[in-house]
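Here the structure comes first, spelled out in structure tokens, and everything after it is commentary.
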Amino acid sequence: MCCLQSQKQLLQNYKVHFVPGWDCHGLPIELKVLQSLDQDARKDLTPLKLRAKAAKFAKATVKAQMSSFQRFGVWADWNNPYLTLDPKYEAAQIEVFGEMALKGHIYRGRKPVHWSPSSSTALAEAELEYPEGHVSRSIYALFRMVSTPSSKDILLEEFFPDICLAIWTTTPWTVPANAAVAVNAKLQYAVVEAKSLSEDVHPSAGNKKKRLGNIVTEPKMPFFIVASDLVPTLEAKWGIKLVVKKTLSGSDLENCRYVHPINNMECPVVIGGDYITTESGTGLVHTAPGHGLEDYVTGLKYGLPIYSPVDDDGKFTEEAGQFNGLDVLGDGNAAVVKYLDEKLSIIMEESYEHKYPYDWRTKKPTIFRATEQWFASVEGFRQAAMDAIGHVKWIPAQAQNRISSMTSSRSDWCISRQRTWGLPIPVFYHVTSREPLMNKETIDHIKSIIAQKGSDAWWHMTVEDLLPEEYRDTASEYEKGTDTMDVWFDSGSSWAAVLGERDGLNFPADLYLEGTDQHRGWFQSSLLTSIAAKGKAPYSSIITHGFVLDEKGLKMSKSLGNVVDPHTIIEGGKNQKEAPGYGADIMRLWVSSVDYTGDVMIGPQILRQMSDVYRKLRGTLRYLLGNLHDWKVENAVSYQELPMIDRHALFQLENVVKNIREGYENYQFFKIFQIVQRFVNVDLSNFYFDIAKDRLYVGGTTSFTRRSCQTVLAAHLLSLSRVIAPILPHLAEDVWQNLPFQYTIKDGSIAGFVFESKWPSVNEKWLAFPAEEVDFWGKVLELRTEVNKVLEIARAGKLIGSSLEAKVYLHVSDASLASRLLEMCSVNNDADALHRIFLTSQVEVVPSLDHELVQNISHTGEYVVEDDRVWIGVSRADGSKCERCWNYSPQVGSFTEHPTLCGRCFNVVGIQPTPAMAAAIS
């Protein structure tokens, strides 16, 4: 789409900078490299060897993709694309990072982040996906209370020591890291007593989705606390009769204590936020600050330990005791559930289907895990980002709401990754204190090194060489950091690396274009880095598009076998009958035909439809070229001398060009597709071309009516070939190279190529076609349609075969319209003659339906136009058939030299030279 717009801008004489770029760092490429190596090769793989292989793979991929884009007919600065692995790009990115760090927007902290055990790295929100159908193993568990604050002893003393807190969690593996139970101060809670087990629910019922815990079979269950509003729901779910013994507020429970179900340590009840509701669960939330963002915030408020006994591979560490080494998403989760049930701490275990974050690369579940990471603090510039969003033009407009919502609610951005293939975070750590060393001097020095040597320098140079001169003496006290930057920070720095470094480019960019998923990706990362560093959005306009689905509206996948490969569309598949090659223009035509603001569909049937549309358009252009084979500019008829039908045709053409221009300017390419298709099929093929054939083929090569028609055809050819060029450049250029005449632009030079010809200039004279004439020709077109209906009736009645065998009679109740039609029956120029427009041999306007002729006409019809009745009759045409033009005329047989010709053809044959064969493009 960006290519369509940029090529249109070129036609309007603008200089367009379309800079293509590739994100070259990151996990996908690193994984590709690792997957290509056997175990022995991996053992010998140093960071520099891995980076060299990753760079080679990235560059090869760029080369292949670039070739595909060029084959699609995309125009861009292919000789100077931006690559995030380029040293100059990396240096610009380091500068952006440095500006943010020096302004206090970058910090290091230990907090829970999305962690991918399958990739062994932290992930940003933009690197997650939430597939349907994920099922978690949820539990309703009991944590035994041991005390209440002295000021509240009287509230619960009657229930001790047999009282518990009932919690619900979808991540039982986080219970070893539990540090508190959170309640909502505004909710009401109930102390309930479990009386009996419903007859239709049993612990050993064998229900795989739901299983009651061992405590339910005990002779007496403890009292437990749940949200009052949830008592009926839990009663029905557990199949247990719950009797409310007492109610109290959430604030009454603050600072009560309970015993951790695994390590037996005492933990507090705390007040959480609005995330604690009665929509699900029990109204009490198991809180593990090391494994959840809301838990972390609550933990900071109460000074809770940030405990996360899970390693990079998603396995329990030694801190988890008996669970050490178990996979938290697998056997570790099951082991925790089993242990809690054995300790009579589980009321129910239940399968729970919900949305859950997956690593978008490995397609495997992630976890929340507290680690030391580098973050960009969005809070420091969130409002500035929100304000900037309002000054950007969003296409479609609803995209603004989407990115506003995401930006206003997003948490701090985790920008560090535990990978090798990426741009290093330029930080040094003190070997003893682990304090980071990062300031203007160190950042500037590293930036200058990377600009010259690339980011590999971080791995092959020593700490002493990487530090500025003033730190050389203490270099032995520091070591290099091993984290690399999030790839979204890479792509989000493109405004600095491209706009800020290249001559002729200005900040901000006029346009960014990407898919709807980039509201939380490139669009947002670019916005955040630019606002944080420069205080301004990096783009003036944003276009977002949907995803490409198959013809049935299904997501494409190799497993379904419904992937539509652009290369196959263009070149064809192995079986050319089943998968013919359509060429690049067909694919570009399809792009223009769809409403890209939503998801779009493509497949064999759709491509065949596009091919038909393309062939129709190509046929139209061939018609124009073929009928202009002998055309010269000096043959043009002035506008004032043109027949009215030709002026009307130019009026229609100018409006079409105007509407197409607006379509490009508003990025509504599908409207351009619709306009062109209707114009070609209805206004040209079905009307003007249909009528013009008689003037072009019969009227004589040098006749006025043929020259006037060619004047109009030349205007259509020049305009159509230029307005379709951004969408169909190959077809447009094919036409241009076969123009039977040269086209001179305003500066006097000859346009040798279509993109040198400039966009058609506005012709105010053509647009000034009188409104009453526009209205009249609209009525003529409607009348022609109705006449054709009656001709079809006559044809079905065997009265006529060809429409030229017919004579049409008209009676119009509107005197003004009748008078105008009567004039067209005897008009001086043959082009405006009514019988030529109807493609019949004669037309007669009768003054009254009482006319004797009318009584003898058997094939008739009528319709109403603006409250005026129009009657139509059809009879056999008068006279005999002219063997040259096939029109019927009483004059046939009147000429001794050519007794089989009508008067018009007799005059043409008498003076007409033998014509040369018309040439047309294949």
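Keep in mind that this is a model prediction, so the values were computed, not measured.
Contact of the Ile346 side chain with the Ile215 side chain is not registered, since no non-hydrogen atoms from C-beta on lie closer than 4.5 Å. Put simply, the side chain of Lys111 reaches to within 4.5 Å of the side chain of Asp412, judged on heavy atoms. Between Tyr539 and Ser526 the shortest side-chain heavy-atom distance falls below 4.5 Å. Side-chain contact between Arg419 and Ser120 is present, with at least one heavy-atom pair separated by less than 4.5 Å. For the pair Ser408/Met386, a side-chain contact is recorded, criterion being any heavy-atom separation below 4.5 Å from C-beta on. For the pair Gln524/Thr407, a side-chain contact is recorded, criterion being any heavy-atom separation below 4.5 Å from C-beta on. Between Ile225 and Met145 there is a side-chain heavy-atom pair separated by less than 4.5 Å. Val226 places none of its side-chain heavy atoms less than 4.5 Å from the side chain of Leu242.
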Check your understanding: Could you walk me through whether Ile367 and His291 pass the side chain to side chain contact (heavy atoms under 4.5 Å, CB included) check?
Key -> CA-CA 8 Å; Ile367 60 175; His291 292 298; 5.8 Å; no
**Study point:** side chain to side chain contact (heavy atoms under 4.5 Å, CB included) between Leu156 and Phe223, worked out
**Key:** CA-CA 11 Å; Leu156 297 172; Phe223 298 99; over 6 Å; no
Check your understanding: What's the verdict on side chain to side chain contact (heavy atoms under 4.5 Å, CB included) for Asp483 and Arg108, showing C-alpha distance, side-chain angles and the deciding distance?
Key -> CA-CA 12 Å; Asp483 291 339; Arg108 184 169 175 80; 3.8 Å; yes
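Donor-acceptor pairing under 3.5 Å is lacking for the side chains of Ser138 and Ser136. At a cut-off of 3.5 Å, with distance as the only test, a side-chain donor of Thr371 or Gln373 sits close to an acceptor on the other residue. Under the 3.5 Å distance criterion, with hydrogens and angles disregarded, a donor-acceptor pair is assigned to the side chains of Asp252 and Ser249.
Minimum heavy-atom separation, His286 to Asp295: O-OD2, 3.6 Å. Smallest separation of non-hydrogen atoms from Ile306 and Pro289: CG2-O, 4.1 Å. The shortest heavy-atom contact between Asp313 and Pro117 is O-CB, 3.6 Å. Between Leu123 and Ser116, the shortest heavy-atom distance links the atoms CD1-CB, 3.6 Å. Nearest heavy atoms, Ile271 versus Ser251: CD1-CA, 4.0 Å. Of all heavy-atom pairs between Lys103 and Ala533, the closest is NZ-O, 2.8 Å.
Using the six-membered ring where Trp is involved, Phe375 and Tyr107 have ring planes that are parallel, under 30° apart on the 30 and 60° scheme. Relative ring orientation between Phe368 and His114 is described as tilted, the plane-to-plane angle lying within the 30° to 60° band. Between Phe523 and Trp394, the ring planes are perpendicular. Angles over 60° get that label, and only those under 30° would be called parallel.
Ser491 contributes no side-chain N or O that, together with a main-chain N or O of Trp522, makes up a donor-acceptor pair within less than 3.5 Å. A donor-acceptor pair is defined here as one N or O able to donate and one able to accept, closer than 3.5 Å; such a pair exists between the side chain of Arg382 and the backbone of Arg410. Under the 3.5 Å distance criterion, the side-chain polar atoms of Trp374 are left unmatched by any main-chain donor or acceptor of Ile106. When atom types are taken as modelled, the side chain of Thr287 and the backbone of Ala179 share no donor-acceptor pair closer than 3.5 angstrom. The backbone N or O of Glu319 lies less than 3.5 Å from a partner atom in the side chain of Tyr307, making a donor-acceptor pair. Tyr189 contributes a side-chain N or O that, together with a main-chain N or O of Gly283, makes up a donor-acceptor pair within less than 3.5 Å. Side-chain N or O atoms of Thr247 include none that pairs as donor or acceptor with a backbone N or O of Ala190 at under 3.5 Å.
Taking CD of Glu193 as the start and CZ of Phe224 as the end, the distance is 9.5 Å to the nearest 0.5 Å. In this structure, CD on Glu127 lies 9.5 Å from CZ on Arg520, to the nearest 0.5 angstrom. Interatomic distance, CH2 of Trp173 versus CZ of Arg137, reported as 15.0 Å (0.5 Å rounding). Atom CH2 of Trp488 is separated from atom CG of Leu528 by 12.5 Å, given to the nearest 0.5 angstrom. The distance from atom NZ of Lys237 to atom OG1 of Thr282, rounded to the nearest 0.5 Å, is 12.0 Å. Annotation: the span from Ile240 atom CD1 to Lys195 atom NZ amounts to 13.5 Å, rounded to 0.5 Å.
With salt bridges taken as basic N to acidic carboxylate O contacts below 4.0 Å, none links Asp490 and Arg417. Under the 4.0 Å criterion applied to side-chain N and carboxylate O atoms, Glu372 and Arg434 are not assigned as salt-bridge partners. Under a 4.0 Å N-O distance rule, the pair Asp550/Lys555 does not qualify as a salt bridge.
Applying the salt bridge (Lys or Arg N to Asp or Glu O under 4.0 Å) test to residues at least two apart or on different chains, none of the pairs has a partner in residues 213-230.
Aromatic ring centres of Phe489 and Trp413: separated by under 6.0 Å. Ring-centre distance between Trp168 and Tyr352: below the 6.0 Å cut-off.
Atom CD of Glu318 sits in a sparse spot, with 12 or fewer heavy atoms from other residues, nucleotides or ligands closer than 6.0 Å. At most 12 heavy atoms of other shown residues, nucleotides or ligands fall within 6.0 angstrom of atom NZ in Lys355. Around NZ of Lys246, the count of heavy atoms belonging to other residues, nucleotides or ligands within 6.0 Å exceeds 12.
Remark: Val594 engages Trp590, Val600 in a side-chain contact (heavy atoms from CB on, under 4.5 Å) (not counting sequence neighbours).
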With a 3.5 Å cut-off and sequence neighbours excluded, list the donor-acceptor pairs that the side chains of residues 272-280 form with protein atoms.
| unit_1 | atom_1 | unit_2 | atom_2 | d |
| --- | --- | --- | --- | --- |
| Tyr275 | OH | Thr298 | OG1 | 2.9 |
| Thr277 | OG1 | Glu279 | N | 3.3 |

